[in-house]
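Below: one structure, written as structure tokens.
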Amino acid sequence: MEDSPQSAGDRKTRFYHPYQDLHVPITKLYELPTAPEHLFFEEAARPHRSWGENLQYYTGIGYLSGALFGGARGSLQGIRAAEPGDTMKLRLNRVLNSGGQVGRRAGNSLGILGLIFAGLESGVTHLRGSDDVLNSIVAGLGTGAIYKAASGPRSAAIAGAIGGIAAAAAVAGKQAAKRYVPI
């Protein structure tokens with residue numbers, strides 16, 4: 001592969017030769033960008049996801065993970081609730097009903113948590129004017145407090161503390177994964 005007169009650090013593209021493993025005498029090289037491609041330059045200048053993208057991401061991830069884990073838990077409950085005289089059809093019905101009911105409830109709960117978190121994180125980012133770790137921690141505190149606000153101030157404070165700790169742990173885990181896990 002030939003290298004251009006620019007040094008490798010100054011270059012914003014990389015050389016791509018689709019036929020290099022075929023040993024075909026074609027020397028045409030294609031230059032591909034190394035940065036993510038965006039349709040509009042405004043998207044590339046934005047350092048974080050928009051509030052709509054956050055809303056879809058956190059709500060979707062919350063609902064999906066809650067539905068999966070809740071469905072698995074409910075299915076196990078249905079298996080344990082089987083009685084000795086039940087037919088296979090009745091056992092399967094019990095497992096599916098229990099899995100669907102618990103999965104739906106857990107998915108809705110975690111989806112709502114994701115919705116509240118996304119709104120708070122986007123709001124805090126907009127108010128502070130910066131996108132950093134503190135926004136996620138404050139959003140976690142607020143999410144727990146809002147989610148349990150109807151249970152009283154003590155429950156809201158405890159849930160807020162748990163939400164803040166969970167958000168801080170998630171951010172710390174993400175930073176550690178970026179630093180120590182080669183991807």
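Note on residues 132-149: pairs passing salt bridge (charged side-chain N to carboxylate O under 4.0 Å, His left out), not counting sequence neighbours, are R128-D132. Counting only residues at least two apart or on different chains, no ring pair (Phe, Tyr, Trp, His ring centres under 6.0 Å) pair has a member in residues 73-114. Pairs of residues two or more places apart, or lying in two chains, never qualify as ring pair (Phe, Tyr, Trp, His ring centres under 6.0 Å) while including a residue from residues 124-172. Every pair tested for salt bridge (charged side-chain N to carboxylate O under 4.0 Å, His left out) that includes a residue from residues 101-115 fails, sequence neighbours excluded, so the list is empty.
At distances below 3.5 Å, not a single donor-acceptor pair connects side-chain atoms of D131 with backbone N or O atoms of T125.
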Enumerate, atom names and distances included, each donor-acceptor pair closer than 3.5 Å involving a side-chain atom of residues 61-80, sequence neighbours excluded.
from, atom 1, to, atom 2, distance (Å)
S65, OG, I61, O, 2.8
S65, OG, G62, O, 3.3
S75, OG, G71, O, 2.8

Identify every side-chain donor-acceptor pair in residues 150-158 under 3.5 Å, counting partners at least two apart or on other chains, and give the distances.
none

With a 3.5 Å cut-off and sequence neighbours excluded, list the donor-acceptor pairs that the side chains of residues 111-124 form with protein atoms.
from, atom 1, to, atom 2, distance (Å)
E121, OE1, Y58, OH, 3.3
E121, OE2, S136, OG, 2.7
S122, OG, N54, ND2, 3.4
S122, OG, A118, O, 3.1

Can you give each donor-acceptor pair under 3.5 Å made by side-chain atoms of residues 165-180, sequence neighbours left out, with the distance rounded to 0.1 Å?
none

Which side-chain N or O atoms in residues 82-92 pair as donor and acceptor under 3.5 Å with protein atoms at least two apart or in another chain?
from, atom 1, to, atom 2, distance (Å)
D86, OD2, E83, N, 3.0
D86, OD2, R94, NH2, 3.0
T87, OG1, L90, N, 3.3
R91, NH2, E83, O, 3.3

